[in-house]
Every structure is written in C-alpha cells, then in structure tokens.
Amino acid sequence: MLLRIFRFFSIFPLPVLHALGVGLGWLVYLLSPSYRRRMRANLAQAGFSGHLGSAVGEAGKAIAELPFIWCADPQRVSGRATVENWDLVQQYLDAGKGIVFLTPHLGCFEITAQEIAHRTELMVMYRPPRKEAMKPLIEGARARKNLLLAPANMSGVRMLAKFLKKGQPIGLLPDQVPQEGEGVWADFFGRTAYTMTLPAKMAQLGDAVILIVYAERLPGGKGYVVRFVPFEGSLEGDAAAQARAINAEMEKLIARCPAQYYWSYNRYKVPAGVAGPGAAAQEASA
C-alpha cells in the first residue's frame, strides 16, 4: 500500500510536491510540540533562528519530494538536477584514487548518490528503517544501477573498505548519530555531539580523498543543484580532532543554505550505552 501511494504521488510535478510540502511542514510544526521545540532549539544553537520560517517549509519539502526522488523514472529525476564541479571528482576517478563522499542532511541529500551513480559506481552505507513496511520502499528506491548498498554493521564496513581500496568511491552521512563505540564527542555548532569516526578511518585507507557533496533545493520546485566541494579540513590528531574537523566542514556547508538543513533531527542525543560528554571529558583528564 505504501509503495503504491508513493508511486501515485511520483507522477506529480515537482513544483506541486514542493508546494504541498510547505503546507505539510507547517502542519507538523504546529501539531507536534516536541518537533517544534527541537527545531527551534537546534536553529538557535547554530545561530540561524532567523531562518525558522523557511526551515519549516523546507523540512516539509524534504518529505513531499521523496515519492519523486524514490519512485519516478531515474531519467526524469536526473533531469531536475544540475551538477556543478564534477571535474573535481573525475580527476580522482581517472587517477584511480579512492573517494569518500560525505553528504550531510542538507537539501535533497537523497538525490546526491543517484547523481554520482549516473556517472560511476558508488557504494553507500545503509541503515534499514525501523518500520518493516518501509523496507521494500526504501531499499527498492536506493538500489539503483551503479548504486550498491552496504549494511550499517561490521560486515558493511568491510564491504566499504574493500571497495575503497580498489579505488572506487563510497558515500557516508557524517552527521548521523552513531551507535555505541562508533563515535566520539566533538563540537558541532558550539555544543558537543556524538560524532561518527568512520569517515576519517575510511579516508585513511589507501590514502583516499574526502569530497563533500550536497544538493541545494531550488525555489518554486525548479529542481536541484548538486555541488561537489573540496574537503579543506585536516585529519591529523586523534579521533576527536578528526571528528571536529569534519564537523567544522559540515558547519561551513550548512551556512550556505541553512534553511535546508535537517534541524528537527536529534543531533545532540546520547545514544544507548554511551557515556555523556561530561563523563568523557572527566575520563580524558583523569
């Protein structure tokens, strides 16, 4: 049933879906106090409170566009995307150098992997949805030609490492809260957030290069601009310093279009089994 609903809405023009999404965003914002509090708090923490109104609408667009991104014909989806700075990627592909693509929850992050896969094979880490009913929909949407899925466990990590060592690119979401033992506490917009260490570890395999990619959502449902950005941070130091360097790059990227970040995400939560940031600091100073 869910798949049929998504396929039905996928036939709608993108401007219509985005218009519906704005209404959906405001409906959720007004009806959910917890959603409202978290979005406002996260925007304030990052210094972007002035973008609240736009952020509410953009959050709704992110949901409403999923039937189009996941279920529409791939060529139709790609036709709504403009790719900038692909030459940056191609030079590393031509040199046989492994690439770690980092894609934060910014803009239409679902389309970035698809656009890369139109041009080269890509493996991305995938965490199955908690609701079983969503699994066929999401897995079917993401398992496109040239787009390979690696499960979010040790088996998946080994798959990514093997793929990367062969000089082939992989994709990760660097701002997703990891599970116990998979992250460190690092500053993110002035507050400590449990941050995954996997991106830095992967980049150090075979001297791979990190590139950042995001898809800015254009107004009026005009489509997306997929941009590839060099990673300018340093991965020297320990895991916490590396995580902070990656977070700093994400902060710079988010500042380009702050209304389109996933501000309702509980980025500062303490995962089950993980000691809070205060306890980690005490251990470090002991």
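Basis for what follows: all heavy atoms, side chains included, without hydrogens, waters or symmetry-related copies.
Residues Arg119 and Val89 are not in side-chain contact: their nearest non-hydrogen atoms beyond the backbone lie 4.5 Å or more apart. With contacts defined as side-chain heavy-atom distances shorter than 4.5 Å, the pair Leu173/His105 qualifies. At a threshold of 4.5 Å between non-hydrogen side-chain atoms, the residues Val100 and Leu164 count as touching. Annotation: side chain of Val157 is in contact with side chain of Met202 (closest heavy-atom distance under 4.5 Å). For the pair Met196 and Gln176, the minimum side-chain heavy-atom distance is below 4.5 Å. At least one side-chain heavy atom of Val177 sits less than 4.5 Å from a side-chain heavy atom of Tyr265. When side chains are defined from C-beta on, Met250 does not count as touching Tyr214, because their heavy atoms never get closer than 4.5 Å. Using a 4.5 Å heavy-atom cutoff, the side chains of Arg40 and Ser49 are not in contact.
Side-chain N/O atoms of Asp175 and Tyr261 include a donor and acceptor closer than 3.5 Å.
No donor-acceptor pair closer than 3.5 Å links the side chain of Glu121 to the backbone N or O of Leu148. A donor-acceptor pair under 3.5 Å is formed between the side chain of Gln45 and the backbone N or O of Phe189. Checked by atom type and distance alone, the side chain of Asn85 never pairs as donor or acceptor with a backbone atom of Arg227 at under 3.5 Å. Although no hydrogens or angles enter the test, the distance criterion places no donor-acceptor pair under 3.5 Å between the side chain of Tyr92 and the main chain of Ile210. Under a 3.5 Å cut-off, the side chain of Trp263 and the backbone N or O of Pro258 do form a donor-acceptor pair.
Here Glu58 pairs with Arg217 in a salt bridge; the nearest charged N to carboxylate O distance falls below 4.0 Å. Of the charged side-chain nitrogens involved, at least one lies within less than 4.0 Å of a carboxylate oxygen, so that Glu251 and Arg244 count as a salt-bridged pair.
In Arg7, the CZ atom is not crowded: 12 or fewer heavy atoms of neighbouring residues, nucleotides or ligands sit closer than 6.0 Å.
Heavy atoms only, all atoms of each residue included: Ala193 and Trp185 are closest at C-CE3, 3.4 Å. Contact record, Gly171 with Leu122: N-CD1, 3.8 Å, taken as the closest heavy-atom pair. Listed here is the closest heavy atom pair of Leu31 and Arg36: N-NH1, 4.3 Å. Nearest heavy atoms, Arg267 versus Tyr194: NH1-O, 2.9 Å.
One distance of note links OH of Tyr224 with CG of Leu14; it measures 4.0 Å at 0.5 Å rounding. How far CD of Gln114 is from CH2 of Trp70: 10.5 Å, rounded to the nearest 0.5 Å. Rounding to the nearest 0.5 Å gives a distance of 9.5 Å between CZ of Phe68 and CG of Asp73.
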Return all side-chain donor-acceptor pairs below 3.5 angstrom for residues 230-243, not counting sequence neighbours, or 'none' if the list is empty.
residue : atom : partner : partner atom : Å
Glu232  : OE1  : Lys252  : NZ           : 3.3
Ser234  : OG   : Glu236  : N            : 3.2
Asp238  : OD1  : Ala240  : N            : 3.3
Asp238  : OD1  : Ala241  : N            : 2.9
Gln242  : NE2  : Leu235  : O            : 3.0
Gln242  : NE2  : Gly237  : O            : 3.4

